[in-house]
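Order of listing sets the numbers, starting from 1, for every ligand and every atom in it.
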Amino acid sequence: MWSNQFSRRHFGRIAGSAALALSTGSVKPADAQSSLGGQNSRAAFPADFRWGTATSSYQIEGAVDEDGRGPSIWDRFAHTPGKIADHSTGDVADDHFHRYKDDVQLMKALGTKTYRFSIAWPRVFPEGSGPPNPKGLDFYNRLLDELAANDIEPFATLYHWDLPQALQDRFGGWMSRDTAKAFADYSGYVAERLSDRVKHIFTINECSRLVHLGHGLGLDAPGLQLSQAGQNQVRHHVALGHGLAVQAIRAHARPGTKIGLAENMVNCIPAIETPANIRAAEIAVRELNAGYLTAILEGKFTENYLAQADAPKYTAEDLRIISSPIDFVGLNVYTPDHYVIAADNAPGYTLAPFPASFPHMDAPWLRVGPEALYWAPRHAAKIWGVKSIYITENGTSSTDQVAADGQIYDVDRVMYLRNYLLQLQRATSEGVPVAGYFLWSLIDNFEWMDGYQKRFGLYHVDFNTQRRTPKLSASFYREVIRQNAVV
Ligand code: GBH
């Protein structure tokens, strides 16, 4: 298995002589800076900035039948023929359920001091609600103890899309308010038992994707293709579930537990950074996130959102619950969603179409626009006055060929990360309150509808042997963390 020693040697080898010198401790960050003409001092992050990696339960755990776990909508979906590109499932995935100790060592080898993971609801409540399954929670107890022993702070997500299948069967999952209530009960239960060690909790990961791909396009579980009205109602129930969970966590967690969410906000970039375009981008962000982030952070829907024929059914009490105060906002940022140009006529902005030549990584949707990582947190801070922001996901897939010498020279991922991180540093240097960054992902994993064909990890995984191998990008990230600056 993976010892720390081994990984350090391995890092030295893959990153060449410069990293070898660094790993012996003979070159200090200051020396590195002076040799680069002081560039690094300009690209430094706040001293207490938190660096981490992110994963999610169904994508890495495997062990879907162990210790009383119930089935989730992703088990059902992945086992439905034709849904996953390579006909794979998350039945085994990275076998993290059994290899979590080794995986914690991978985090340690990077120098990360934080880790964002998700808890599988069907491990804790196999039927979604009703009697809990203490053995299911025990896995997370073991993981948390292992993280603590290695000085890595846990940030836990309560819902990364693996809804208990029983709730889908019983009342249509998120199509019903009952799922929002069950989510709150589960959240309070987990918070009570884990908040002695987990001080930061995210309620729901990416409402926008679970609505659009899960209930609109049918490409994610539960694979539904609802009308616009149906999708808006699902979004409303997810928002309500978030709000009820915030209240339940506050009621049951230890004092001082911080609560937020992790959202892939529809991110609008001023096409040219003029004051008019920046203002237009802010208007667009408010409107294009009206059903979720705007409602959560403002306590009301925008007039345009309500004016549409398909507006959700809601009560004033719902909005009060949805906008329960939160402590931080997590943003998943991969791409620029829209480039925006100011317009005189309503709604005050134009969304520029993307030219076919716009560059992307190893997926057509993964467009390369590093400034997305500057604008997302800046918008959240400016538009809603958010005081604490985490980048809860950022990263990229790459074709990741294993070279003849066994190494993975993912210089494209390094290029992507370097340019995005420079834009994040631009934000923190301007005082945008970003407290930390979680790179997606620690290890290659089950990439939803793409199966194992898309790789996002800093560590390459051979899914036949479960062998983990650090890619060049792992050395890059380790160096960024060591210097607390873009290198
Ligand atoms: C995140 O989603 C997830 O949180 C994470 O679990 C996942 O592994 C990671 O990113 C990488 O994908 O309509 O077919 O063009 C990222 C958000 C991904 C949103 C892809 C929209 C469009 C797919 N998005 N997506 S498609």
Distance flag, aromatic centroids of [Y] and [X], threshold under 6.0 Å:
X: W161; Y: Y159; value: no
X: W375; Y: H338; value: no
X: Y374; Y: Y420; value: no
X: Y115; Y: F155; value: no
X: Y339; Y: F358; value: yes
X: F45; Y: Y437; value: no

Problem - Distance-only donor-acceptor check, side chains Y334 and E393, under 3.5 Å - result: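 There is such a pair between these side chains.
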
Practice task
Please say whether the positively charged group of R99, taken as NZ for Lys or CZ for Arg, lies over the ring of F97, i.e. under 6.0 angstrom from the six-membered ring centre and within 45 degrees of the axis.
Solution key: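 No - R99 does not lie over the ring of F97 by the 6.0 Å and 45° rule.
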
Exercise for the section: Could you tell me whether R116 sits above the aromatic face of F202, with NZ or CZ closer than 6.0 angstrom to the six-membered ring centre and within 45 degrees of the axis? Expected result: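 The answer is yes, since R116 meets both limits relative to F202.
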
Looking only at protein heavy atoms, identify the closest one to [atom] and say how far it is in Å.
atom: atom 3 (C) of ligand 1; result: E393 OE1, 3.3 Å
atom: atom 24 (N) of ligand 1; result: R209 NH1, 3.9 Å
atom: atom 9 (C) of ligand 1; result: Y334 OH, 3.3 Å
atom: atom 22 (C) of ligand 1; result: W365 CG, 4.0 Å
atom: atom 19 (C) of ligand 1; result: N264 ND2, 3.8 Å
atom: atom 8 (O) of ligand 1; result: E447 OE1, 2.7 Å

Problem - Proximity flag H160 to ligand 1, non-hydrogen atoms under 4.0 Å - result: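 Within the 4.0 Å threshold, so yes.
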
Exercise for the section: Determine, using heavy atoms of Q59 and all atoms of ligand 1, whether some pair is separated by less than 4.0 Å. Expected result: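 The answer is yes: ligand 1 sits under 4.0 Å from a heavy atom of Q59.
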
Problem - Proximal candidate to atom 14 (O) of ligand 1 [heavy atom criterion; set T335, T157, L219] - result: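 Among T335, T157, L219, the closest heavy atom to atom 14 (O) of ligand 1 comes from L219.
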
Exercise for the section: Quick one: look at H212 and ligand 1, take heavy-atom pairs under 4.0 Å, and tell me if it's side chain, backbone, both or neither. Expected result: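 None of H212 does.
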
Problem - Mode of N205 contact toward ligand 1 - side chain, backbone, both, neither (heavy atoms, under 4.0 Å) - result: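 Answer for N205: side chain.
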
Problem - Atoms in ligand 1 with a heavy atom of F456 nearer than 4.0 Å - result: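 With F456 as reference, the close atoms of ligand 1 come out as 11 (C), 12 (O).
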
Problem - Flag: protein heavy atom within less than 4.0 Å of atom 11 (C) of ligand 1 - result: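 Neighbour list for atom 11 (C) of ligand 1 includes protein heavy atoms (cut-off 4.0 Å).
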
Exercise for the section: Indicate whether atom 26 (S) of ligand 1 is within a distance of less than 4.0 angstrom of some protein heavy atom. Expected result: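 No, because not a single protein heavy atom sits under 4.0 Å from atom 26 (S) of ligand 1.
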
Practice task
Look only at interatomic distance and state if E206 has a nitrogen or oxygen under 3.5 Å from any nitrogen or oxygen of ligand 1.
Solution key: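 E206 vs ligand 1: N/O contact under 3.5 Å present.
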
Practice task
Can you spot which of K454, R413, R455 makes a salt bridge (charged side-chain N to carboxylate O under 4.0 Å, His left out) with D400?
Solution key: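 Testing D400 for a salt bridge (charged side-chain N to carboxylate O under 4.0 Å, His left out) against K454, R413, R455 leaves exactly one candidate, R413.
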
